[in-house]
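Shown next, in structure tokens, is the structure this report addresses.
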Amino acid sequence: MTQHDMNLSRRTLLRGAGALVIGLHLPLPARAQSGAGAAYRPGGNATFAPNAFVRIAPDSTVTVLIKHIEFGQGPFTGLATLVAEELDADWNQMRSEHAPADVKLYANLAFGVQGTGGSTAIANSWEQMRKAGAAARAMLVQAAATAWKVPASQIKVEAGVISHASGRKGSFGEFAEAASKLAVPENPPLKPASAYRLIGKEGAVKRLDSADKATGKAQFTIDISAPNMLTVVVARPTRFGGKVASFDAAETLKVKGVVDVKAIGSGVAVYANGMWPALKGREALKVTWDDSAAEMRGSRELVAEYRKLAREQGRVAGLRGDAEAVLAKADRVIEAEFVFPYLAHAPMEPLDGFLQWDGKEALARFGSQFQTTEHQTIATILELPPEKVQLETMLAGGSFGRRAQVSQHLAAELAMAAKAIGPNRPVKVVWTREDDLTGGYYRPLFLHRLRGAVKDGKIIAWSNTIVGQSFFLGTPFESMVVKDGLDATAVEGANNIFYEVPDFRCEVHNPKVGVPTLWWRSVGHTHTGYAVECFVDELLQAAGQDPLQGRLALMGDKHPRAATVLRAVGEMANWKGPGPIEGRARGVAVVESFSSFVAQIAEVSLGSGGEPKVHKVWCAIDCGVAVNPDVIRAQIEGGIGFGLGHILYGEITLDQGRPVQTNFDSYRSLRIHEMPEVAVRIIASTASPTGVGEPGVPPIGPAVANALAALGHGRPRQLPMKGGTV
Amino acid sequence: MVTLKVNGTTHSVDIDDDTPLLWAIRDNIGLTGTKFGCGVAQCGACTVFIDGNSVRSCVTPVSAVGDSDVTTIEGLAGKEAEAVQAAWIARDVPQCGYCQSGQVMSAIALLKENKKPTDRDIDLAMNGNICRCATYVRIRAAIHDSARALEG
Ligand code: FES
Ligand code: FES
């Protein structure tokens, strides 16, 4: 997602206040008794609910309702940090829980609907969550002032203790009830950055979810069980666009534990008492597929077609001067074509969902990343009014974009599976790894054709034609990113580059292919970052320039934040050119994504069998105010590992329309011995915070490729590198 | 009927004896800390101990378990387990957390055999555990921390 202008508005906060004050007078049913659709009440038995986000209980625990899904990137910790900072809470009293689906209270201010993506969790919550904490603090202070009969201005709050110079002291819990009767302040003042105790402070905050995750206690969707629940696996078409022609369930129904078999929209659903009977039942199922409308092309055919398209005029995405004219006259044109395969997200927890309903009300629980639209989808399919459907967001075992479903296909499948078996049979739909890897919604296959010319040590022309599917055109999300028919996510990072080239052109083709595709951690930058940063390196090499100094020179003074991270990473790595020295070479790359700037240097040698071995990566990031430095470091480490694994090994190949890779034996994932050492520097900044979940990914591929070039192996033109030109 | 001894408790469950131990533990016994990631012994998310040896429960049929003692993450005890989990929390190793039960089990198995693992030992012992969030830098650091803590 490329939408960064956030309409930060206090209205949302205030709307929340009104709704929750009313909420306080309702009884609080315990979770254990929840029947179909029974009220799901985040925040537990808090007495003080000043707004939609903060709950303070009599025992002083502060629970922050997190509107963003936690699948590893840290919003449980980050958003709680913002609240705790303004509340002056002690970190040990903080808890986090997912907020329910409610667009009026919990919209992502960058999107206008509830949802997570585009590395916006901290960015869009920055002001909102601090105000939520500040409002709660002001009310606690007022309650204490009234009780102690002193002016509110004389009251101090520090690490969860409310105090007055007279020696009186109290906890949040003691004043929670009195505070809950006060008016919510409209515009509570926020601290100056100089007064921060938690934000940006090393070691001040630990992740709130580490203990549960290190002990196996954290509950994911796959862990849900309920009385009478059935586990559902679905036999889905083997080609994209295929349909069920007929099926024979006779053998399936003989499997011990299988309860029923139903055709649902996405395939044939097997209902069983547990996962193993469901899987055995699916194995025994005989389905005849109708592939008359299915995509039959394979990756090889698609690449051949894309290659042709790349030589035709596309839609202009970026233009300056007349690159074609300069290239036509140039003495030497440097040309490169890069091919990027389909990639699966393969989150560690495959897709899954739980739903129970009684015909009148429904409760869905799953790792929902787009709550608003998924909530609507479930209500529509079950033919229930939206207020009769509750959606509880669960911790999810990764997403990398996979759960941010433009098509709502998982929510729809869940609702269809529940509807087909009928009310009062809770269902848990589980995808296997094979379902996941062969199930589509991939990072699209892309091809870049680049041509450039160099004269007198300068790059004088740059032309880039990009070919790949758009996953936005023709969807309800189109208006978010598509302007004048141009899907920005296909060209971001390529139609506007840091480097000053007088004659510049970027064009795009979005061919229609029947393979469902989706954003994938860092979206367009997964391929544009590689193509642009490899190509500029190649041109600089042709121009006889140092990769790092040459980039800085091309940036001029127009890109100070990019230049800063580049200089910083050079300093960290003690950059003295690409080498190689003793068989190890270095490559550099810098990419802006999600408004954050990241530069990386990778040190690479050729390992056994000619496979690149990445020893160390230095990384500098400017993401504005660094709310949780250690979470940022973790996201960068993880982003580098995720990016590296796919650049080296990741590909989904289609053969006559069918995915070839079906599990981790063939969809190779980075393992611990392939993980480089990582050093991270976070640039001090006072700018508003920007993304960290995705920006660590794009530079690693080109940094490795540029190091390989220094090793004399050229920059791999076809990814993954293993099996490519290396 | 299959009888399984898990974390010191004997359970009788009415399942086919080709059922992988993973699904018996999760669906029939109700212990969900052990995770499903691939089902084909590729990812390590389902790692448990059988008589102290770490195995992939997704490819271990219950018929092969017999009257052996099965230990899952819920049943961990002992100084290696304490050291590893404390180090995992102190380093904030987990991101999504889904692979981490398996990582913790493999790390404990390593430290039980090798009091002072080198980076190479860690590579060999841990490379059957995939972490899609790539928390490997911290896994490595936390194992070294645990070894130091165990040294006393
Ligand atoms: S689930 Fe057993 S190794 Fe992956
Ligand atoms: S922490 Fe997410 S897969 Fe390891």
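Below, read A as the first sequence line, B as the second, and so on, with proteins coming before strands; counting in each chain starts at 1.
Here the side chains of A:E677 and B:V137 are not in contact, with every heavy-atom distance at 4.5 Å or above. Side-chain contact between A:W276 and B:P20 is present, with at least one heavy-atom pair separated by less than 4.5 Å. Within the 4.5 Å cutoff, the side chain of A:L670 has heavy atoms near those of the B:Y136 side chain. Looking only at side-chain heavy atoms (C-beta outward), B:Q95 and A:Q73 stay at 4.5 Å or farther from each other. Counting only heavy atoms from C-beta outward, the side chains of A:T432 and B:F36 approach each other to under 4.5 Å. By the 4.5 Å heavy-atom criterion applied to side chains, B:R26 and A:I222 are counted as neighbours.
Residue contact with chain B, scored on non-hydrogen atoms closer than 4.5 Å, involves the backbone and the side chain of A:A634 alike. Of the two parts of A:A211, the backbone and the side chain both hold a non-hydrogen atom closer than 4.5 Å to a non-hydrogen atom of chain B. Within the 4.5 angstrom heavy-atom criterion, no atom of B:R120 approaches chain A. Proximity to chain B (any heavy atom under 4.5 Å) is restricted, for A:K280, to the side chain, taken from C-beta onward. Residue contact with chain B, scored on non-hydrogen atoms closer than 4.5 Å, involves the backbone and the side chain of A:D630 alike. When heavy atoms are compared at a cutoff of 4.5 Å, B:D27 approaches chain A solely by way of its side chain, counted from C-beta outward. For chain B, the nearby parts of A:S669 are the backbone and the side chain; heavy atoms of each come within less than 4.5 Å. Contact of B:D119 with chain A is not made at all, since no heavy-atom distance falls under 4.5 Å.
Nearest heavy-atom pair across B:G97 and A:F220 is C-CZ, 4.0 Å. Between A:G397 and B:Y98, the closest heavy-atom pair is CA-CB, 3.6 Å. Residues B:I89 and A:A214 approach most closely at CG1-CB, 4.0 Å, considering heavy atoms.
Note that CD1 of A:I69 is 10.5 Å distant from SG of B:C96, once rounded to the nearest 0.5 Å.
Ranked by non-hydrogen atom pairs under 4.5 Å with chain A, the options B:N127, B:T135, B:I15, B:N28 are led by B:N127. Residue with the most contacts toward chain A among B:D16, B:T72, B:D18: B:D18 (heavy-atom pairs, distance under 4.5 Å).
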